[in-house]
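Remarks on the structure that follows.
By convention in this document, chain letters (A, B, ...) are assigned in the order of the sequence lines, proteins followed by strands, and residues within each chain are numbered from 1.
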Number of protein chains: 2
Amino acid sequence: MDGPDDQLDGMNDDSMLVAGQAVSLRSLVADRLRLAIITGRFRPGQQLRERELCELTGVSRPSLREALRALEAEGLISTMPHRGPVVAALTPDEVDHLYALRRVLESFAAREFARLRRPDDIAALKATMKRLDDLRDSGTPLDLLEAGSAYYRAVASGSGNPYLAQNLQALHNRIALIRFISLHERNRNRLTFAALRTMMKAIIAGDEALTEQLWTEHLAAIGTRARGIVEAGYRLPGTGDRSTPSAA
Amino acid sequence: MDGPDDQLDGMNDDSMLVAGQAVSLRSLVADRLRLAIITGRFRPGQQLRERELCELTGVSRPSLREALRALEAEGLISTMPHRGPVVAALTPDEVDHLYALRRVLESFAAREFARLRRPDDIAALKATMKRLDDLRDSGTPLDLLEAGSAYYRAVASGSGNPYLAQNLQALHNRIALIRFISLHERNRNRLTFAALRTMMKAIIAGDEALTEQLWTEHLAAIGTRARGIVEAGYRLPGTGDRSTPSAA
DNA sequence: TGTTTGCAGTTTGTAGGACAAACTTACGTT
DNA sequence: AACGTAAGTTTGTCCTACAAACTGCAAACA
């Protein structure tokens with residue numbers, strides 16, 4: 001966190017938003033904690049003490065606890081009755097299940113995207129691809145994580161199904177740390193980028209069957225890779241890398 | 001609710017459970033409120049006042065609010081900044097999106113079930129089918145709702161993917177009221193029951209393709225029916241029925 | 001010596017009250 | 001009749017407090 005003492009920052013630049021709905025304090029806290037978990041600032045399996053989180057975020061315990069309930073529902077933390085919140089740690093099998101679910105949902109989203117082909121969504125997807133290309137060589141892993149998430153978000157949005165998009169967003173949050181670690185291998189990234197570009201073209205071409213096939217293959221590939229990362233204890237397998245170097 | 005004044009009941013028959021995990025007060029409250037929403041005791045679009053809910057459940061405001069956060073994350077209620085929680089009311093388009101998602105998830109679950117064919121899961125599925133048959137003529141709509149939910153839960157469980165099962169459970173909660181209303185038409189129920197039996201047989205036979213096909217067709221059929229119910233204002237379309245006769 | 005029992009210390013679960021901010025409604029004015 | 005203002009109500013947030021439960025350590029026992 002960057003705002004040290006008083007309240008959460010980010011509340012100052014409200015700049016005349018009228019339709020902005022969820023600006024409650026608890027949602028800001030939830031966003032902060034979510035980011036901290038996603039980027040590995042809080043490690044999987046780590047015990048979180050409410051007292052410390054209150055000091056970190058600068059909010060009171062009731063507000064913090066409401067935020068924790070949201071994160072709990074998202075599966076990012078788990079709470080045992082009198083032992084407090086713990087950052088969710090995935091087992092290899094759980095990663096397989098999660099990626100199986102992602103395969104189904106995301107290939108369907110991509111297929112729907114290819115079927116609808118709404119111009120605005122296509123433009124948005126192209127924009128995220130361009131950003132990925134710009135970052136390909138110079139971007140930090142955190143940059144790449146965000147850019148990749150934007151790409152997947154654009155695909156989910158292009159499906160035209162808000163529930164599907166929301167579901168996928170939650171799913172991506174649960175595996176973001178794994179992706180983040182995976183992004184530290186630059187040579188692998190080239191291959192992934194090429195795949196993302198190919199899949200984008202299939203969508204734009206409106207080839208539903210090809211889109212679904214490419215997507216399924218892509219997710220199968222990175223799924224096995226994700227399992228490997230978790231098996232190595234949330235580290236890049238085969239290296240002595242301690243990974244997740246203080247993202248911020 | 002049935003326990004009028006002091007605390008929530010259901011806490012008495014703990015009977016030496018050791019592995020029971022989530023018995024916090026807020027989870028009990030969440031369960032109660034969830035049931036009230038699912039069965040239409042709280043109508044879609046209804047404003048919920050925290051004060052009243054506190055009196056109804058007999059818990060304090062902090063506990064209640066934490067429970068509301070969970071329900072909010074499940075999509076059963078929505079909260080606007082200073083206007084309090086509102087029971088989610090689906091538009092016809094939202095129903096379509098929800099059922100599209102259900103079609104993808106549940107047909108995949110059924111297909112996985114047909115692929116794995118684990119004996120325990122098959123036995124559990126048969127048991128839910130038997131219960132449905134027993135209730136077919138004599139059961140109340142609420143009985144049928146629960147029995148049908150058990151059937152779908154058994155299918156989700158048979159997929160072997162806990163995340164998929166959990167996802168489907170949340171999805172079913174969001175459309176439970178629609179199903180509940182639909183179950184008031186007994187002649188339709190016969191057809192649905194026949195379909196459920198056919199799909200079960202396909203799973204047991206291990207015919208993945210047939211399973212997926214049957215499931216997709218089934219969900220398409222009840223999806224259009226669900227849309228009709230919402231279009232009629234959460235009433236059975238074509239009748240003057242006021243529906244949802246005080247479930248309890 | 002190894003196991004168990006008992007006792008702090010700490011953390012969470014729950015409760016009640018309090019105050020500010022914001023929305024809703026009704027009323028009075030122009 | 002339309003607008004602006006004021007009261008009442010509800011939510012958002014916070015503080016304090018206490019009971020329940022878990023943790024760890026030390027002492028007593030076999």
Return whichever of A:Pro62 or B:Arg69 has its heavy-atom-nearest nucleotide of DNA chain D closer to the 5' end.
B:Arg69
On DNA chain D, does the nearest nucleotide to B:Gly84 precede the nearest nucleotide to A:Ser63 from the 5' side, or the other way round? Give the residue.
B:Gly84
Using atom [atom1] of [X] as one end and atom [atom2] of [N] as the other, report the distance to the nearest whole Å.
X: B:Arg49; N: C:dT24; atom1: CZ; atom2: C1'; value: 12 Å
X: B:His82; N: C:dA22; atom1: NE2; atom2: P; value: 6 Å
X: B:Leu25; N: D:dA19; atom1: CG; atom2: C1'; value: 13 Å
X: B:Gln47; N: D:dT9; atom1: CD; atom2: P; value: 17 Å
X: B:Leu64; N: D:dG12; atom1: CG; atom2: C1'; value: 14 Å
X: A:Glu66; N: C:dG13; atom1: CD; atom2: P; value: 14 Å
X: A:Leu28; N: D:dG12; atom1: CG; atom2: P; value: 14 Å
X: A:Glu50; N: C:dT14; atom1: CD; atom2: P; value: 11 Å

If the threshold is 4.0 Å, N to carboxylate O, is there a salt bridge linking A:Glu185 and A:Arg225?
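Counted as a salt bridge, because a side-chain N and a carboxylate O are separated by less than 4.0 Å.
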Is the backbone N or O of A:Ile181 less than 3.5 Å from a side-chain atom of A:His184, with the two atoms forming a donor-acceptor pair by type?
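Yes, because the side chain of A:His184 sits within donor-acceptor range (under 3.5 Å) of the backbone of A:Ile181.
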Out of C:dT14, D:dT23, D:dT10, which has the shortest distance to the side chain of A:Arg83?
D:dT23
Is it the case that the base of C:dG13 and the side chain of A:Arg61 share a donor-acceptor contact (distance under 3.5 Å, atom types as modelled)?
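Between C:dG13 and A:Arg61, which were checked side chain against base, a qualifying N/O pair under 3.5 Å is present.
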When you check the phosphate oxygens OP1 and OP2 of C:dG13, does a side-chain N or O of A:Arg65 lie under 4.0 Å from one of them?
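For A:Arg65, the contact criterion (side-chain N or O under 4.0 Å from OP1 or OP2 of C:dG13) is met.
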Within 45° of the axis and under 6.0 Å from the centre of the six-membered ring of B:Tyr151, does NZ or CZ of B:Arg131 qualify?
no
With a cut-off of under 6.0 Å to the ring centre and 45° to the axis, is A:Arg102 in cation-pi contact with A:Tyr152?
yes
